[in-house]
Number of protein chains: 2
Amino acid sequence: MATIRDVAKVAGVSVATVSRVLNENGYVHEDTRKRVETAMEELNYSPNEVARSLYKKKSKLIGLLLPDITNPFFPQLARGVEDEIQKEGFRLLFGNSDEQPEKELDYIHTFVQNNVVGIISATNDRSDTNYKDLSIPVVFLDQTSKDYPSVYGDGREGGRTAAKEMVKRGSKRITILKGPAHIQPAQDRFQGALEYLSESNVDFYVMGTTSFAFEEAKKWAKELFETYPDTDGVLASNDIVATAVLHEALRLGKSIPKEVQIIGFDDIPQSSLLFPSLSTMRQPAYEMGKEAACLLIKLMRKEYVEQNHVEMPVTFIERETTREVEVNE
Amino acid sequence: MATIRDVAKVAGVSVATVSRVLNENGYVHEDTRKRVETAMEELNYSPNEVARSLYKKKSKLIGLLLPDITNPFFPQLARGVEDEIQKEGFRLLFGNSDEQPEKELDYIHTFVQNNVVGIISATNDRSDTNYKDLSIPVVFLDQTSKDYPSVYGDGREGGRTAAKEMVKRGSKRITILKGPAHIQPAQDRFQGALEYLSESNVDFYVMGTTSFAFEEAKKWAKELFETYPDTDGVLASNDIVATAVLHEALRLGKSIPKEVQIIGFDDIPQSSLLFPSLSTMRQPAYEMGKEAACLLIKLMRKEYVEQNHVEMPVTFIERETTREVEVNE
DNA sequence: TTGTACGCGTTATCAC
DNA sequence: GTGATAACGCGTACAA
C-alpha cells in the first residue's frame with residue numbers, strides 16, 4: 001500500500017501538496033498537479049480511509065441497524081438505503097439486532113467507535129435512550145419517533161383502508177390480528193383498523209399476537225379459527241401472519257375469498273406468489289429506505305429539511321384473497 | 001468522547017500504562033490497574049477503533065459482498081456470516097454487487113481502504129482477478145474456486161439427485177432449465193441433472209435462461225410450455241424460476257403434480273408457503289454462511305485448516321409439486 | 001504556490 | 001512496574 005509520502009517522494013513534492021491535489025483545495029500549480037497525478041497512477045495510490053477518518057473524526061460509513069434481514073420486509077429497505085448512500089460515496093456498516101436491546105446497544109457502540117457519520121435504525125426500541133447521547137444524526141426507519149427524524153408507512157391510514165376495503169367487499173364478522181405490542185407500526189395499523197370498524201356496523205373480534213415469526217403465526221391462525229369459527233374476514237398484522245392464516249383457512253377447507261377474506265400488510269415479495277395471491281396493504285419498502293437515506297444525508301450536511309418525519313403512503317393491493325367490490329352497496 | 005489520555009490523566013498514570021491494562025499485556029501493578037479501571041468507568045471510556053486500526057493496519061471489520069440481498073437466498077447466508085463473526089467481535093461492512101464488476105471492484109476497494117481483516121464474497125465473478133493482489137484472506141461463498149477457499153453446496157450431486165427423484169416419481173419427458181451461464185452453481189446443478197438424465201431412459205429437453213429475476217422467469221415458463229407442451233417434469237435452476245413455472249403450469253390448468261412435477265433448488269423460505277408447496281433441493285444457506293465465517297476466521301488467525309473447500313450437502317425436500325414414489329418401479 | 005510541523009488516538013519500543 | 005516517545009497515514013495551520 002502506497003502512502004501519501006511515497007507519492008510525494010516520487011513526484012518530488014511535499015505531502016502537503018499531494019494532499020492538496022487529492023482534496024482539490026488550496027493552490028497548486030498545473031505542472032506539479034500533473035506530476036503528482038502521474039505519481040499516484042504509477043504507485044496505484046489510494047488514500048487510507050482510516051487515517052482520514054482518524055484525523056477528521058468522520059468516516060465515509062453509515063450504520064444500518066435492522067431487526068432481522070431474514071424477515072422478507074427488510075432486504076428491500078436495506079437495498080433502498082444502500083442504493084441511495086452509495087451514490088454519495090458512503091458505505092454500510094450493518095447489523096441485526098434481533099430486537100435485543102444489548103445487541104442494539106452493542107452495534108450502536110461499534111458504529112460510533114468506527115466514526116460513522118450517521119445511523120439508520122429500524123429497530124423497535126421505543127425508549128430511544130440508546131440514541132440520546134449521539135452527536136451524529138439518526139434516522140428511524142419503519143418507525144415513528146417524536147424526538148428523531150423518521151420515515152414510516154402511514155400505518156393508521158393503512159389499517160383504516162384495510163378495514164374499509166374488507167367491509168366494502170362484504171365481510172360481516174372480521175377478526176383483527178393485533179400485532180406485537182412492542183412493535184409500534186403494528187399497533188398503528190391495528191388502531192386504524194379498530195377505528196374504522198368501531199364506526200362501522202359490522203361485528204369484529206380482536207386477537208392478540210406476540211411476534212411475526214411464521215411458526216408462531218401458524219398457532220395463532222389455528223387458534224383464530226377455533227375461537228372465532230364464524231370469522232369471514234381477517235385483517236392480519238403483516239403478510240407473514242396473513243400467509244399463516246391463509247394456509248390454515250385452506251387446510252380447514254374454507255373457500256378463499258368466498259368464505260373468508262384476508263388482507264395482509266407490507267406486500268413482501270412472496271405475497272404475490274402465494275396461491276391464491278394475497279391482497280395486502282403495500283408499504284413501499286425500497287422507497288422508504290431511499291427516503292431515509294436521503295433524509296440522513298441532508299441531516300449530515302446540515303441542509304435544511306422541511307419535514308423531519310416523512311410518512312409514506314400505504315396502498316391497497318387487490319389480489320385474490322379479497323372479493324370483488326359489491327356494486328349494490 | 002474520552003481518549004486514552006484523559007483516562008491516563010484521571011488515573012494519574014501515563015497513556016502507556018492505560019494501554020497496558022486495556023490490552024492486558026505487560027506488567028502493571030494491581031493497584032494501578034484498579035485506578036485505571038475506575039478512571040475508565042468514570043469517563044465511560046472506550047477505545048477508538050479507528051486509531052487502533054490505523055496503527056495496527058487491521059480493523060475489526062469483515063467485508064461481505066453479495067450479489068443482491070433482495071434475492072431471498074442471501075439473507076440467510078448473511079445472517080449465518082453475521083452470527084458467527086459477531087461472536088468473535090467482528091462486524092460487517094456490507095455491499096451488493098448486482099453482479100456488476102465495477103461495483104464489485106468498488107466494494108473490494110473500500111474494504112481494503114477500511115482495513116478489513118477478511119472478505120467473504122458470494123458474487124459470481126469467475127475471473128477472481130479482483131481478489132488477486134489482496135493481502136487478506138478471502139472466502140468465496142456459494143461458489144467454487146480453485147485458487148481461493150470456498151464454501152458451496154454440492155450442486156452437481158444436487159442436480160443428480162433432483163433428476164433421480166423426479167425420474168423415480170415417474171416423469172418421462174423432463175425439461176431442464178439451464179440457469180445463467182455465468183453463474184457457476186447453476187451450471188453445476190445443470191451438469192448433475194444432465195448427467196443423470198443422460199444415463200437414464202427418459203426423454204428430456206434443455207432450455208437456457210439468463211437470470212434469476214422472477215419477472216424474466218415468467219417469460220421462460222411461458223416459453224417452456226409453448227415449446228415443450230408434453231413436458232411432464234421440470235427441473236428448475238432455482239426456486240424463483242420453479243415458482244414461475246409452477247404459476248404458469250397452474251395458469252394453463254395443468255394439474256400439479258399429477259401432470260407436471262416440479263423440483264426447485266435452494267429451498268428459500270417462501271417455497272414451503274406456496275400452494276402447492278414446492279419440492280426442492282435444499283441448500284443450507286444459514287449454515288453455509290456460518291461455515292464461511294468460521295473458515296475465514298481460521299484463515300485470519302493462520303490456524304491450520306484441513307480443507308479449504310467445504311462442500312455442503314444438498315438434500316431433497318419432498319413437498320407437493322412431486323408425486324409419491326411409484327413403489328412398483 | 002509550496003513546504004514544515006503538528007495533531008488525530010493508539011500501540012509498541014525502549015529506557016528508567 | 002512505569003513513563004516518554006516514535007510511529008501509523010492523513011489534513012491543515014502557518015511559514016516561506
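Throughout, protein chains are lettered first and strands after them, A, B, ... in sequence-line order, and every chain is numbered starting at 1. All values reported here derive from a predicted model rather than from experimental measurement.
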Sugar-phosphate only, base, or nothing, as touched by B:T32 at under 4.0 Å among non-hydrogen atoms: sugar-phosphate
Would you classify B:V13 as touching base, sugar-phosphate or nothing, given that sugar-phosphate means primed atoms plus P, OP1 and OP2, and contacts are heavy atoms under 4.0 Å? sugar-phosphate
If only side-chain N and O atoms count, and only distance matters, is there a donor-acceptor pair under 3.5 Å linking B:N114 with B:T110? no
No-hydrogen, no-angle side-chain donor-acceptor test under 3.5 Å, A:R52 and A:N23: yes
Does any part of the side chain of B:E84, heavy atoms only, come nearer than 4.5 Å to the side chain of B:L296, both counted from C-beta? no
Could you check A:Q86, A:R79, A:K87 and say which one makes a side chain to side chain donor-acceptor pair (under 3.5 Å) with A:D83? A:R79
Once you round it to whole Å, what is the distance between [atom2] of [N] and [atom1] of [X]?
{"X": "A:K60", "N": "D:dG9", "atom1": "NZ", "atom2": "C1'", "answer": "18 Å"}
{"X": "A:L43", "N": "D:dG9", "atom1": "CG", "atom2": "P", "answer": "14 Å"}
{"X": "B:D31", "N": "D:dT2", "atom1": "CG", "atom2": "C1'", "answer": "14 Å"}
{"X": "A:N115", "N": "C:dC8", "atom1": "CG", "atom2": "P", "answer": "14 Å"}
{"X": "B:R35", "N": "D:dG1", "atom1": "CZ", "atom2": "P", "answer": "14 Å"}
{"X": "A:Y27", "N": "D:dC14", "atom1": "OH", "atom2": "P", "answer": "17 Å"}
{"X": "B:K9", "N": "D:dG3", "atom1": "NZ", "atom2": "C1'", "answer": "15 Å"}
{"X": "A:L54", "N": "D:dT12", "atom1": "CG", "atom2": "C1'", "answer": "14 Å"}

Would you say that more than 12 heavy atoms from the other residues, nucleotides or ligands in this model lie under 6.0 Å from the NZ of B:K302, or not? no
Exceeds 12 heavy-atom contacts within 6.0 angstrom, atom NZ of B:K103: yes
Any side-chain N or O of B:K57 less than 4.0 Å from the OP1 or OP2 oxygen of D:dG9? yes
Any side-chain N or O of A:T17 less than 4.0 Å from the OP1 or OP2 oxygen of C:dG3? yes
Under the salt bridge (charged side-chain N to carboxylate O under 4.0 Å, His left out) criterion, do B:R91 and B:E49 qualify, and how do the steps go? CA-CA 12 Å; B:R91 298 298 137 92; B:E49 277 304 327; over 6 Å; no
Summarise how protein sits on nucleotides 10-16 of chain C as a single string, 5' to 3': B when a protein heavy atom is under 4.0 Å from the base, S for sugar-phosphate-only contact, - for no contact. BBB----
